[in-house]
Amino acid sequence: MGYTDPSSSRDLLGNRTLFFIFICAFAVVTLLQQILYGRNYLKRYFEFYEGPLEYNSTKCLELRQDIIAVKVLSMVKQTELFDRWKSLQMCKWEMNVTEANLFKSTLSRCCNAPAFLFTTQKNTPLGTKLKYEVDTSGIFHINQEIFKMFPKDMPYHRSQFKKCAVVGNGGILKNSRCGREIDSADFVFRCNLPPISEKYITDVGVKTDVVTVNPSIITERFHKLEKWRKPFYDVLQVYENASVLLPAFYNTRNTDVSIRVKYVLDDFESQQAVYYFHPQYLINVSRYWLGLGVRAKRISTGLILVTAALELCEEVHLFGFWAFPMNPSGIFITHHYYDNVKPRPGFHAMPSEIFNFLHMHSKGILRVHTGTCSCC
Amino acid sequence: MAGLAWKWPRTRLPVGASALGVFVLCWLYVFPVYRLPDEKEIVQGVLLQQGRAWRRNHTALALFRKLLEECCDPGQLFAMTKQNSPMGKNLWFDGELLYSFTIDNATYSLFPQATPLQLPLRKCSVVGNGGILKRSGCGRQIDSADFVMRCNLPPLSREYSKDVGTKTQLVTANPSIIQKRFQNLLWSRKAFVDSVKVYNHSYIYMPAFSMKTGTGPSLRVYYTLQDFGAKQRVLFANPNFLRDIGKFWKSKGIHAKRLSTGLFLVSAALGLCEEVTIYGFWPFSVDLRGKFISHHYYDNVLPDSGFHAMPEEFLQLWFLHKSGVLRMQLEQCEDPLMQPAT
């Protein structure tokens with residue numbers, strides 16, 4: 001007396017069969033994709049590779065044009081852009097002085113970092129009612145105590161440094177071995193208090209001249225500096241004589257925490273300088289980039305630093321600026337070189353910022369490093 | 001039963017009220033309201049006693065210490081320790097109405113394992129900040145004690161050392177001072193660390209859990225001193241101890257919103273030390289010779305009235321002095337003529 005499932009013979013398009021078909025279809029599509037993209041790799045493999053091509057060779061001009069032709073990010077598939085970018089790596093990079101000067105002159109008209117990057121005693125006299133960047137109703141009254149914290153004048157002037165490195169924290173830096181090349185720059189910017197311990201030294205280097213600190217880090221990791229302050233001081237000491245740069249007047253929440261940083265360094269008798277972004281500079285920079293298609297609630301610290309570096313340095317090199325989940329060869333990478341904590345979605349428009357950098361790289365305004373370094 | 005309404009004799013005042021009045025009058029007759037003697041009377045009383053030599057009364061001391069032990073147990077409960085305040089314990093703030101605080105992991109880790117003092121202490125000096133200390137020349141005598149307690153971060157600079165000494169083992173700090181003088185330690189902290197350097201290896205005793213607003217600054221004092229690797233260590237006052245001491249003195253007739261730090265400290269000292277001498281406890285505007293003196297030995301800033309009941313506290317301490325429990329130093333210790341004129 002065996003029991004047979006009455007529906008067993010009728011389950012022709014039942015759940016299980018559908019599921020199986022679905023999996024098969026998925027597998028076929030994946031396979032096809034592999035073959036399609038594999039062709040590109042094969043093609044490249046057969047091309048005779050004879051070392052880096054000259055900057056002005058026709059091949060390179062073509063490759064650069066390929067990238068510049070992409071006007072907006074959504075015009076091509078991401079993988080297509082990656083492929084074009086990868087091909088361009090064959091070419092040597094040279095600065096295009098005319099393009100660079102043109103770009104720098106538009107920057108000097110809009111933002112003027114050599115005079116307005118930081119709040120100084122010169123551009124923010126005593127009694128100024130400083131407007132915040134986002135809390136437009138908020139006004140900070142510059143009193144004697146705060147005024148004394150500002151530097152007399154901007155410590156840097158236009159095109160002061162020959163070669164600058166702006167180090168982002170992208171996971172692409174991992175195993176890049178770019179440490180030496182970064183350290184060989186005359187001036188190094190770093191973002192958001194990144195770790196530069198022994199473990200990362202070969203990839204990111206140690207030289208730091210300016211390091212930015214996001215007040216949200218201080219709030220989360222250091223209890224707004226209301227409790228212990230030594231741990232924070234110890235972290236800053238790793239950067240030796242680097243100046244600390246804070247967006248104190250970005251919004252009202254940031255101000256107290258940022259000002260406390262100055263007190264901490266003074267209390268521990270540190271030589272490190274503390275500077276605050278001028279809110280008007282931040283407003284101008286984000287307006288400028290909005291014009292170039294970076295639509296975000298807020299532009300990233302990296303973009304601000306690159307903008308400033310373009311005015312302060314002759315040659316700007318970008319390391320670790322790559323905000324995609326995979327590197328140009330399609331291998332998945334972590335979000336930062338030190339962790340894989342994803343940012344709040346919809347806050348920064350990283351891909352479009354990177355896209356702008358790639359454009360600028362192709363035009364010869366700055367150089368974006370995404371591969372491994374072989375320098376020195 | 002309306003017809004049986006028995007009427008009270010008609011009077012202007014309701015009977016209940018007049019009965020209450022009579023009752024109150026009787027009560028006042030049986031328990032007369034204690035009238036606080038005024039300043040002049042107290043000074044006179046002190047002067048009468050002045051000629052006689054002070055003798056320690058061991059039975060009175062033992063009795064008083066036993067009373068303290070029963071009510072408050074200063075040896076154990078004096079400060080917050082890991083032993084007497086386990087994690088998760090609910091603490092009621094003693095200076096607030098119905099406000100409690102649960103000891104969490106972060107706070108618990110700030111407490112020492114047990115009371116760090118070597119009990120019992122032998123000879124203690126408790127130094128108040130009264131103006132009577134000025135030109136007293138008591139510095140040497142204060143320093144000769146084994147354990148010196150001071151109130152409210154007093155200045156100990158060179159100019160005062162002859163009168164108040166230099167040694168400190170325990171100094172109390174009121175969160176309100178941290179707030180007023182050091183902006184709650186939210187901004188620069190160096191000034192604070194420098195200002196407590198004079199207290200060398202001492203404990204800073206903070207009533208962290210008395211007032212809501214005091215907790216933050218008190219904990220910040222701990223963080224600050226640890227950050228700078230300072231020699232001073234922070235002890236947090238136990239609100240239960242403070243409340244018990246407050247009740248103890250209330251039962252002895254001190255009517256104040258809150259006891260002064262000095263009296264807390266003297267009570268603790270009586271529980272912790274074998275011999276207690278107190279200096280600078282004199283809340284009046286004239287000294288024993290009728291000369292006007294400043295409120296503190298370092299300034300003349302008068303406190304808010306109606307918060308502390310200083311004369312009542314003084315009378316209690318004076319009573320303890322008379323009965324030989326502690327010694328109160330009011331006259332000059334060394335001849336002022338021996339000191340260089342200022």
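Every chain is numbered from 1 and lettered A, B, ... according to where its sequence line falls, protein lines coming before strand lines.
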Original post:
Regarding D227(B) and T224(B), is there a side-chain donor-to-acceptor distance under 3.5 Å anywhere?
Top reply: no
Original post:
Side-chain contact, heavy-atom cut-off 4.5 Å: F277(A) with E133(A)?
Top reply: no
**OP:** Take S137(A) and Y132(A) through the test side-chain hydrogen bond (donor to acceptor under 3.5 Å, both in side chains) and record every step on the way to the result.
**Re:** CA-CA 8 Å; S137(A) 55; Y132(A) 283 93; over 6 Å; no
Original post:
Among E269(A), R260(A), E145(A), R229(A), who wins on heavy-atom pairs under 4.5 Å with chain B?
Top reply: R229(A)
Original post:
Hey, does the Lys NZ or Arg CZ of K82(B) hover above the aromatic six-ring of Y108(B), less than 6.0 Å from the centre and inside 45° of the axis?
Top reply: yes
Original post:
How would you list, in number order, the residues of residues 235-251 of chain A that have a heavy atom less than 4.5 Å from chain B?
Top reply: none
Original post:
Is K122(A) salt-bridged to D153(A), cutoff N-O under 4.0 Å?
Top reply: yes
Original post:
Will you find, in the side chains of R158(A) and N112(A), an N or O donor that is under 3.5 Å from an N or O acceptor?
Top reply: yes
Original post:
Between K224(A), K230(A), K262(A), K227(A), which shows the greatest number of heavy-atom pairs under 4.5 Å with chain B?
Top reply: K227(A)
Original post:
Would you find more than 12 non-hydrogen atoms of other residues, nucleotides or ligands less than 6.0 Å from R243(B) atom CZ?
Top reply: yes
Original post:
With a 4.5 angstrom heavy-atom cut-off, which part of L219(B) approaches chain A: side chain, backbone, both or neither?
Top reply: neither
Original post:
Non-hydrogen atoms of chain A under 4.5 Å away: do they reach the side chain of L110(B), the backbone, both or neither?
Top reply: side chain
Subject >> Stepwise side chain to side chain contact (heavy atoms under 4.5 Å, CB included) check, Q144(A) with L126(A) >> reply: CA-CA 7 Å; Q144(A) 187 66 40; L126(A) 191 62; 3.2 Å; yes
